[in-house]
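Below is one structure, written out as structure tokens; the observations come after it.
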Amino acid sequence: MVANSTGWQSAGELSELYISERTDIRTGQASLDTRFFVDDGLWRDAPMLTGQGSFEPLPDVKNILVTGGEGFIASWLVRHLVTKYPESYNVVSFDKLDYCSSLNNARMLESRPNFNFFHGDLTHPDDVLKCLRRYKIDTVFHLAAHTHVDLSFGNSYNFTKTNVYGEVEKDAADLTEHSSLWPTNPYAASKAAAEMMVTAYARSFKLPAIVIRLNNVYGPHQYPEKIIPKFINLLQRQRALWIHGDGQHTRRYLYAGDAADAFDTILHRGVIGQIYNVDSRDEISNLDLAKELLDVFGIADTEGWTQHTKDRPFNDRRYAVDGSKLRKLGWKQSVSFEDGLAATVDWYSRFGQWWGHIDAILSPFPVVERDQVVSTPPKVEIGATPSIAEDDAEVGAREERAHAMVNGHSERNGVAAKKRKAADMA
């Protein structure tokens, strides 16, 4: 069952409602809203991906609300909390169901008694209050946001409604929780503003709040507007990879399972009123990322597979934060970039239709109108069909590991533990 502003309805009833009322008059086809409620059954074959850790449940926490729960990072947290604490926490996924959301992200939880989904809009106070009261919410993870920087330039108002540090020089020290905020795009600015608002309420009205700062999370379930899933989907379609500018911009990537563990750690061990950075040691440039993925796909002759396009406005060269404060609480980054990337590639090879039609988002500068991605990506077809290098032992081992990850023969976060040498010798 699904709760929305009109009351309780089954998913099937909601599907019929949206199919009949939300048809796109320009194309005669079902609008993007329609497909959110159409269950194609794809999720039934998907693994239940969560973080790895868990804690002794908190006695004063019972009903947890996760906003944006059908999006990428939030859905990892929802699955994690529901499955790790089945007798302790009730979890409500609150989501507007925007273009980058998918009910598939939590459909595997529908039969669990400690899970509920609420269809609502955070910018509608009545929706929020109804949800808080109905489920007697005592703890909120506010993760709903538009998170795509490219889209924030052309849709700044929308990004401001629902949503920091800024660029870090190559040889500069990593930024701590006390470093100044210098946002360089509307998305980051909106996050900084929201953080200031929370801090003001905490000081003026003693609002019990914790601020969590993390960026560049990747992994299965991520909508292909972000660079890693976008590159994967382009390669699956035998299209060139679009590189903004010179491609030397670097980012530190964190696997989504590690992000879920970070949230869990802060929930159970964090201190009210504090700020926590969630960091990563895996720093890589966009150009090297493209080369890494071409290698994963077994493409040895890389000529023509990368296409440089104009840089996006105010594209920060580098982000780097210090997460030592969080590590003192017991959290650590446990998934290597190599293993996480292999698991992500394998997941998209099996569940690429998770969001339905996604070709429009694969352009270097996608556009959203009325909460729908409408741009058409320029196609650069590569003459030679890429094939997996079967004679490459390293690529083969990586693929075998990745296949095991998403088939459940591994840790529950979808990443297999590395085999011990003794086991290999046996």
Side-chain angles (χ1 to χ4, degrees), residues 1-4 8-15 35-54 63-98 100-119 135 141 143-144 217-224 229 255-261 263-264 340 343-344 346-356 358 402-416:
M1 301 291 285
V2 181
N4 71 355
W8 287 90
Q9 293 174 293
S10 69
E13 290 171 334
L14 279 171
S15 177
R35 68 170 173 79
F36 287 119
F37 299 97
V38 177
D39 183 358
D40 58 9
L42 183 64
W43 60 273
R44 298 180 188 278
D45 297 323
M48 180 79 75
L49 299 180
T50 71
Q52 299 183 54
S54 62
N63 302 311
I64 301 174
L65 174 67
V66 181
T67 68
E70 304 304 315
F72 169 46
I73 299 176
S75 72
W76 272 82
L77 179 60
V78 167
R79 291 190 301 274
H80 180 91
L81 294 174
V82 170
T83 58
K84 296 292 186 181
Y85 305 97
E87 306 297 327
S88 304
Y89 301 149
N90 299 312
V91 181
V92 179
S93 171
F94 184 109
D95 205 293
K96 172 186 176 182
L97 295 180
D98 214 335
C100 55
S101 306
S102 175
L103 283 174
N104 282 338
N105 287 335
R107 275 192 165 115
M108 62 281 289
L109 301 173
E110 288 181 352
S111 63
R112 297 181 180 250
N114 66 326
F115 170 76
N116 282 285
F117 169 69
F118 189 96
H119 183 211
Y135 296 107
F141 279 94
L143 306 182
V217 179
Y218 75 99
H221 296 273
Q222 187 172 33
Y223 187 67
Y255 188 71
D258 285 338
D261 281 329
F263 285 120
D264 196 10
T344 304
D346 193 70
W347 188 89
Y348 282 94
S349 72
R350 298 180 57 197
F351 304 105
Q353 298 301 313
W354 201 254
W355 299 269
I358 59 169
H403 187 68
M405 293 171 199
V406 275
N407 275 287
H409 309 309
S410 60
E411 297 291 340
R412 289 194 57 154
N413 71 340
V415 179

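The structure displayed is predicted, hence computed values, not measured ones. Values reported hereafter were calculated over all heavy atoms of this structure, with side chains retained and with hydrogens, waters and symmetry mates removed.
Taking CG of L65 as the reference point, atom OH of Y135 lies at 10.0 Å (rounded to 0.5 Å). Taking OG1 from T50 and CG from D264, the interatomic distance works out to 9.5 Å, rounded to the nearest 0.5 Å. To the nearest 0.5 Å, atom CG of residue D258 and atom OH of residue Y218 are 8.0 Å apart. The structure places OG1 of T83 at 10.5 Å from CE of M108, a figure rounded to the nearest 0.5 Å. Residue E70 holds its CD atom at 8.5 Å from CZ of R107, rounded to the nearest 0.5 Å. A distance of 9.5 Å separates CG in N114 from CG in L81, rounded to the nearest 0.5 Å.
The closest side-chain heavy-atom distance from D40 to N104 is below 4.5 Å. Counting only heavy atoms from C-beta outward, the side chains of W43 and S102 never approach each other to under 4.5 Å. Using a 4.5 Å cut-off on side-chain heavy atoms (C-beta onward), C100 and F72 make no contact. Put simply, the side chain of D45 reaches to within 4.5 Å of the side chain of F351, judged on heavy atoms.
Under the side chain to side chain contact (heavy atoms under 4.5 Å, CB included) criterion, N63 pairs with N90, K136, I137, D138, not counting sequence neighbours. Partners of I73 by side chain to side chain contact (heavy atoms under 4.5 Å, CB included), not counting sequence neighbours, listed by chain and number: V217, F263. Residues meeting the side chain to side chain donor-acceptor pair (under 3.5 Å) test with Q222, sequence neighbours left out: none. Partners of N105 under the side chain to side chain donor-acceptor pair (under 3.5 Å) rule, at least two apart in sequence or in another chain, are H221, W354. In terms of the ring-ring contact (aromatic ring centres under 6.0 Å, His included) criterion, residue partners of Y85 (sequence neighbours excluded) are, by chain and number, Y89, H268.
In this structure, G51 and K84 approach most closely via the heavy-atom pair O-CE, 3.4 Å. For Y255 against A343, the heavy-atom pair with the smallest separation is OH-CB, 4.2 Å. Scanning both residues, L109 and F115, for their nearest heavy atoms gives O-CD2, 3.6 Å. Shown here for A260 and L77, the closest heavy-atom pair between the two residues is O-CD1, 4.3 Å. The two residues G219 and T344 have their closest heavy-atom pair at CA-OG1, 3.3 Å. The minimum heavy-atom distance linking G71 with D95 is given by the pair N-OD2, 3.6 Å.
H119 places a side-chain N or O within 3.5 Å of a backbone atom of K96 that can act as its donor or acceptor partner. Side chain of S75 to main chain of G69: no donor-acceptor pair is present (N/O by atom type, distance under 3.5 Å, no hydrogens or angles).
A cation-pi arrangement is found for R79 relative to W76, the charged atom lying closer than 6.0 Å to the ring centre and inside a 45° cone about the ring normal.
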What do the steps show when you test R44 against D39 for side chain to side chain contact (heavy atoms under 4.5 Å, CB included), and what is the final call?
CA-CA 10 Å; R44 298 180 188 278; D39 183 358; 3.9 Å; yes
Using the side chain to side chain contact (heavy atoms under 4.5 Å, CB included) rule, take F117 and L97 through it: C-alpha gap first, then chi angles, then the decisive distance, then the call.
CA-CA 11 Å; F117 169 69; L97 295 180; 4.0 Å; yes
